[in-house]
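Some notes on the structure that comes next.
Values in this document were obtained by computation on a predicted structure and should not be read as measured data. In this chain, residues are counted from 1 in sequence order.
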Amino acid sequence: MQTSETQPVANEQLNPTADIQAPANDQLSPAATAQLNKPVLQLGSKGQEVNELQRLLTTWANYTDYSGVIDGIFDTDVRTAVIAYQHQMFLVKDGIVGNLTWQALYKGAPVNMPTLKQGSKGSAVVTLQNVLKLTGDYRSTVDGDFGSRTKAAVQAFQKRVGLVFDGIVSDRTWHALSKVPH
């Protein structure tokens, strides 16, 4: 597991089969951009940090359906809510709350997502195309290649949700995409 401030926790890399992530131009506070001073939490964890996690999950209940008690115990209900939140934020869905999950919980949006534009390739483009298929904006083959059809789908989505429709997927577009049930 990586633990330096500049490297993501290994269990929280982009999930190439997950849906999309993060808001553009919405920045974390300076304190949140560095690695948060939060413990890694998982099933069985107990204490004040779990209370905080439970409060944050309640705040983002539209992503998690978490309405559990705030008792400081990381039980299966908390784990299920964490996995649901990680899924919506395009993080690896492992139920472990590491640095990236903490950041996404504080920001209320995906974090650590790449900016994509025509010519981009890879797993993040696959994620993008899969979510755009769910919105009905992308009707082509999911191939991980950000071509003209993907750009047109991104622009249609951006226009519909009130964003600048430039075909570039940065934080604000990732954030809007994270709100799509997927």
**OP:** Check for a donor-acceptor pair, side chain of Q42 on one end and backbone N or O of I96 on the other, with a separation under 3.5 Å.
**Re:** no

Original post:
Do D137 and R160 sit within salt-bridge range, that is, some charged N less than 4.0 Å from a carboxylate O?
Top reply: yes

Subject >> F74 and V97: CA distance, side-chain angles, deciding distance, side-chain contact (heavy atoms from CB on, under 4.5 Å) verdict >> reply: CA-CA 10 Å; F74 196 127; V97 182; 4.0 Å; yes

Subject >> Side chains of Q118 and S148, donor plus acceptor under 3.5 Å >> reply: no

**OP:** Check whether I73 and L56 end up in the same hydrophobic cluster, where Ile, Leu, Val, Met, Phe, Trp and Tyr are linked by side-chain heavy atoms less than 4.5 Å apart.
**Re:** no

Subject >> Distance-only side-chain donor-acceptor flag, Q155 / D166, under 3.5 Å >> reply: no

**OP:** Specify the closest pair of heavy atoms between T115 and S170, including all atoms of both residues, with the distance to one decimal.
**Re:** OG1-CB, 4.0 Å

**OP:** Mind checking the CD1-CG spacing from I168 to L116? Nearest 0.5 Å is all I need.
**Re:** 10.5 Å

Original post:
Step by step, would you call L41 with V50 a side-chain contact (heavy atoms from CB on, under 4.5 Å)?
Top reply: CA-CA 7 Å; L41 300 177; V50 178; 4.1 Å; yes

Original post:
Would you say the side chains of Q158 and T173 form a donor-acceptor pair under 3.5 Å?
Top reply: yes

Original post:
How long is the gap from CG on D75 to CD on Q54, to the nearest 0.5 Å?
Top reply: 7.0 Å

Original post:
Out of curiosity, S178 OG to M89 CE, how far, rounded to the nearest 0.5 Å?
Top reply: 4.0 Å

Subject >> Derivation and outcome, side-chain contact (heavy atoms from CB on, under 4.5 Å), residues L132 and V154 >> reply: CA-CA 7 Å; L132 291 172; V154 169; 3.6 Å; yes

**OP:** Measure the spacing between NZ of K179 and OH of Y63 and express it to the nearest 0.5 Å.
**Re:** 5.5 Å

Original post:
Should F165 and V161 be counted in the same cluster of Ile, Leu, Val, Met, Phe, Trp and Tyr side chains packed under 4.5 Å apart?
Top reply: no

Original post:
How long is the span from the CG atom in D145 to the OG atom in S140, to the nearest 0.5 Å?
Top reply: 11.0 Å

**OP:** Mark yes or no for whether Q86, through its side chain, and T101, through its backbone, hold a donor-acceptor pair below 3.5 Å.
**Re:** no

Subject >> Qualifying residues under side chain to side chain donor-acceptor pair (under 3.5 Å), relative to N51, sequence neighbours excluded >> reply: Q48

Original post:
Donor-acceptor pair, Q129 side chain versus F146 backbone, under 3.5 Å?
Top reply: no

Original post:
Are the side chain of W102 and the backbone N or O of L36 linked by a donor-acceptor pair below 3.5 Å?
Top reply: no

Subject >> Backbone of A104 reached by a side-chain donor or acceptor of Y85 within 3.5 Å >> reply: yes

**OP:** Indicate yes or no: at least one non-hydrogen side-chain atom of Y138 is less than 4.5 angstrom from one of V131.
**Re:** no

Original post:
Is L43 linked to L53 within one hydrophobic cluster, defined over Ile, Leu, Val, Met, Phe, Trp and Tyr using a side-chain heavy-atom separation of less than 4.5 Å?
Top reply: yes

Original post:
What pair of heavy atoms forms the shortest contact from L163 to A176, and how long is it?
Top reply: CD1-CB, 4.1 Å

Subject >> Gap between atom CG of L91 and atom CD of Q103 - 0.5 Å precision >> reply: 9.5 Å

Original post:
Do L105 and L57 have side-chain heavy atoms sitting under 4.5 Å apart?
Top reply: yes

Subject >> Over 12 non-hydrogen atoms of neighbours within 6.0 angstrom of NZ in K117 >> reply: no

Original post:
Any donor and acceptor pair, going by atom type alone, linking the side chain of H175 with main-chain N or O of G108 inside 3.5 Å?
Top reply: yes

**OP:** Flag yes if I83 and V40 sit in one hydrophobic cluster, no otherwise; membership is Ile, Leu, Val, Met, Phe, Trp, Tyr, and two members link when side-chain heavy atoms are under 4.5 Å apart.
**Re:** no

Subject >> Evaluation steps, side-chain contact (heavy atoms from CB on, under 4.5 Å), between Y66 and T80 >> reply: CA-CA 9 Å; Y66 184 73; T80 299; over 6 Å; no

